[in-house]
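The figures that follow rest on heavy atoms only: side chains count, while hydrogens, waters and symmetry mates do not.
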Amino acid sequence: RVALVGLSIIPATTIGLIDVRSVNRDIFIGQIAARYGLTNRAEVEAKIPYIYRHDSNLARPLATPSTADSVFEASGRSLGDIELAARYQLNQGGVNTPYYVANLRTKTRPGKHPFDAPIDPEPNLQRELPTGTGFWGVQPSLTAIFPSDPAVFFGNVSYLWHIKRNVGDGFGKVDPGDAIGATFGMGLALNERASFSLGYEHSTVLRTKQNGRPLIDTRTTQIGTLTFGGSYRLSNRTMLNLTLGVGVTAEAPDLQATLR
């Protein structure tokens with residue numbers, strides 16, 4: 001991260017504060033999920049996550065004579081935002097006919113949100129990291145699945161609506177940016193037990209608003225992730241899945257790994 005606060009005299013000279021810091025962020029999520037089939041076309045789902053976060057900032061102290069960088073570390077652990085979802089298969093599908101599934105997901109906000117996190121005044125960073133977003137969210141989406149033996153092609157489009165609220169403490173009404181998402185890819189059966197998948201996920205996150213006006217220091221964010229997955233059937237009732245996500249845009253996490 002690089003931040004310049006000052007006056008540029010000529011392109012090579014800046015008078016003021018130059019803040020250059022290396023930031024590492026690690027997030028570990030343990031999650032319990034349960035799904036229940038209501039009919040042969042409808043199911044409901046619930047997810048309860050527990051989150052541990054750790055940030056490490058390496059930087060030179062601001063406005064203080066120093067010849068060495070300092071490290072500021074912060075962490076947080078708590079329950080995350082619980083999710084509830086429902087899915088319904090719209091058609092019968094079959095040979096040369098895709099399956100369409102309508103989805104509705106709701107994200108609650110029991111996790112510790114950013115506005116509750118205490119701030120350390122010297123580096124102006126959070127001493128304890130939040131584990132939740134602090135806002136309710138509703139996400140409708142539509143999934144298409146097209147079998148073409150031995151491959152299965154899939155795609156999904158979604159819209160995540162964050163519900164604004166008054167967070168108090170001088171912030172007023174905050175409306176986090178909504179997100180438009182799209183996913184597509186394919187799964188390939190290797191044999192009766194193993195399969196491989198390749199996909200791409202992209203989200204466009206709109207600007208955050210405060211008291212009805214977009215924040216000056218926010219912008220539309222593009223988050224793109226290339227995903228690789230493998231699945232192995234251990235028994236008739238047990239599957240093992242591993243998915244790796246590699247960020248391909250600047251705002252996306254460098255690496256995401258999911259074991260299920």
Side-chain angles (χ1 to χ4, degrees), residues 27 29 31-36 38 41-51 53 78-90 99-117 129-145 154-185 199-225 227 245 247-253 256 258:
I27 303 176
I29 304 175
Q31 182 171 265
I32 296 177
R35 290 186 293 178
Y36 182 77
L38 302 176
R41 289 195 179 191
E43 71 174 12
V44 292
E45 181 182 49
K47 294 181 179 180
I48 304 176
Y50 186 85
I51 298 176
R53 294 180 54 188
S78 180
L79 189 71
D81 292 342
I82 297 175
E83 297 182 11
L84 304 173
R87 302 182 184 89
Y88 183 77
Q89 182 180 320
L90 299 176
Y99 296 83
Y100 295 104
V101 180
N103 317 281
L104 182 64
R105 182 176 70 98
T106 300
K107 179 183 66 63
T108 64
R109 58 178 188 92
K112 185 171 184 179
H113 59 77
F115 305 100
D116 281 342
L129 300 179
T131 58
T133 62
F135 296 88
W136 281 74
V138 179
Q139 184 183 46
S141 64
L142 179 66
T143 301
I145 303 171
F154 58 86
N156 176 274
V157 290
S158 65
Y159 187 90
L160 175 59
W161 171 45
H162 279 118
I163 302 176
K164 64 181 178 180
R165 72 182 183 94
N166 192 338
V167 299
D169 297 329
F171 291 102
K173 283 190 176 182
V174 177
D175 184 6
D178 297 342
I180 305 169
T183 302
F184 62 89
Y200 178 75
E201 302 175 4
H202 195 95
S203 294
T204 299
V205 184
L206 307 179
R207 296 179 63 183
T208 296
K209 296 181 180 179
Q210 184 178 23
N211 296 322
R213 296 183 178 181
L215 291 176
I216 297 177
D217 56 350
T218 62
R219 58 192 176 93
T220 300
T221 303
Q222 306 292 340
I223 303 175
T225 304
T227 60
V248 296
T249 61
E251 293 82 4
Q256 302 175 73
T258 303

* Can you name the closest pair of heavy atoms from Asp178 and Tyr159 and give their distance? -> OD2-OH, 2.8 Å

* **Whether Thr227 side chain and Gly199 backbone form a donor-acceptor pair below 3.5 Å** => yes

* Hey, is the main chain of Gln222 close enough, under 3.5 Å, to the side chain of Thr249 for a donor-acceptor pair? -> yes

* Quick one: does Arg105's side chain have a donor or acceptor within less than 3.5 Å of a partner on Ala85's backbone? -> no

* Nearest 0.5 Å please: distance from the CD atom of Glu45 over to the CG atom of Leu104. => 12.0 Å

* Asked: Counting distance only, does the side-chain N/O of Gln210 pair as donor-acceptor with the main-chain N or O of Gly172 below 3.5 Å?
  -> no

* Asked: Considering only heavy atoms from C-beta outward, does the side chain of Asp175 approach that of Phe135 to under 4.5 Å?
  -> no

* Asked: Nearest heavy-atom pair of Lys47 and Ala33: which atoms, and what distance?
  -> CG-CB, 3.9 Å

* To do: Quick one: closest heavy-atom pair of Pro130 and Lys112, and the distance?
  => CB-O, 3.2 Å

* Pair Gln139-Glu83, side chain to side chain contact (heavy atoms under 4.5 Å, CB included): steps then yes or no -> CA-CA 11 Å; Gln139 184 183 46; Glu83 297 182 11; over 6 Å; no

* Drop me the distance from Glu251's CD to Thr225's OG1, to the nearest 0.5 angstrom. => 11.0 Å

* **Atom of Leu84, atom of Ala46 and distance for their closest heavy-atom approach** => CD2-CB, 3.8 Å

* Structure fact -> d(Asn156 CG, Ile145 CD1) to nearest 0.5 Å is 9.5 Å

* Please check if the side chain of Asn211 supplies one atom and the backbone of Lys173 the other of a donor-acceptor pair under 3.5 Å. => yes

* Is any side-chain heavy atom of Ile29 closer than 4.5 Å to a side-chain heavy atom of Thr258? -> no

* Main-chain N/O of Ile51 paired to Thr131 side chain as donor or acceptor, under 3.5 Å -> no

* Asked: For Tyr100, does the OH atom have more than 12 heavy-atom neighbours from other residues, nucleotides or ligands under 6.0 Å away?
  -> no

* Side-chain donor/acceptor of Arg165 to backbone N/O of Gly134, under 3.5 Å -> yes

* Of all the heavy-atom pairs spanning Pro110 and Gly80, show the shortest one and how long it is. => CG-O, 3.5 Å

* Verify the neighbour count for atom CZ of Arg35: are there more than 12 heavy atoms of other residues, nucleotides or ligands below 6.0 Å? => no

* To do: Determine yes or no for a side-chain-to-main-chain donor-acceptor pair under 3.5 angstrom, with Arg109 supplying the side chain and Gly132 the backbone.
  => no

* Structure fact -> Residues passing the ring pair (Phe, Tyr, Trp, His ring centres under 6.0 Å) test with His162, sequence neighbours excluded, are none

* Mind telling me whether Phe184 and Tyr200 have parallel, tilted or perpendicular rings, with 30° and 60° as the class edges? => tilted

* Do Thr133 and His113 have side-chain heavy atoms sitting under 4.5 Å apart? -> no

* What distance do Gln89 atom CD and Arg87 atom CZ have between them, rounded to the nearest 0.5 Å? -> 12.5 Å

* To do: Would you check if Phe154 and Thr183 make a side-chain contact, meaning some heavy-atom pair closer than 4.5 Å?
  => yes

* Does Ser203 reach the main-chain N or O of Val205 with its side chain, forming a donor-acceptor pair under 3.5 Å? -> no

* Donor-acceptor pair, Thr108 side chain versus Ile82 backbone, under 3.5 Å? -> yes

* Structure fact -> Contacts of Lys107 meeting salt bridge (Lys or Arg N to Asp or Glu O under 4.0 Å) (sequence neighbours excluded), chain-then-number -> Asp81

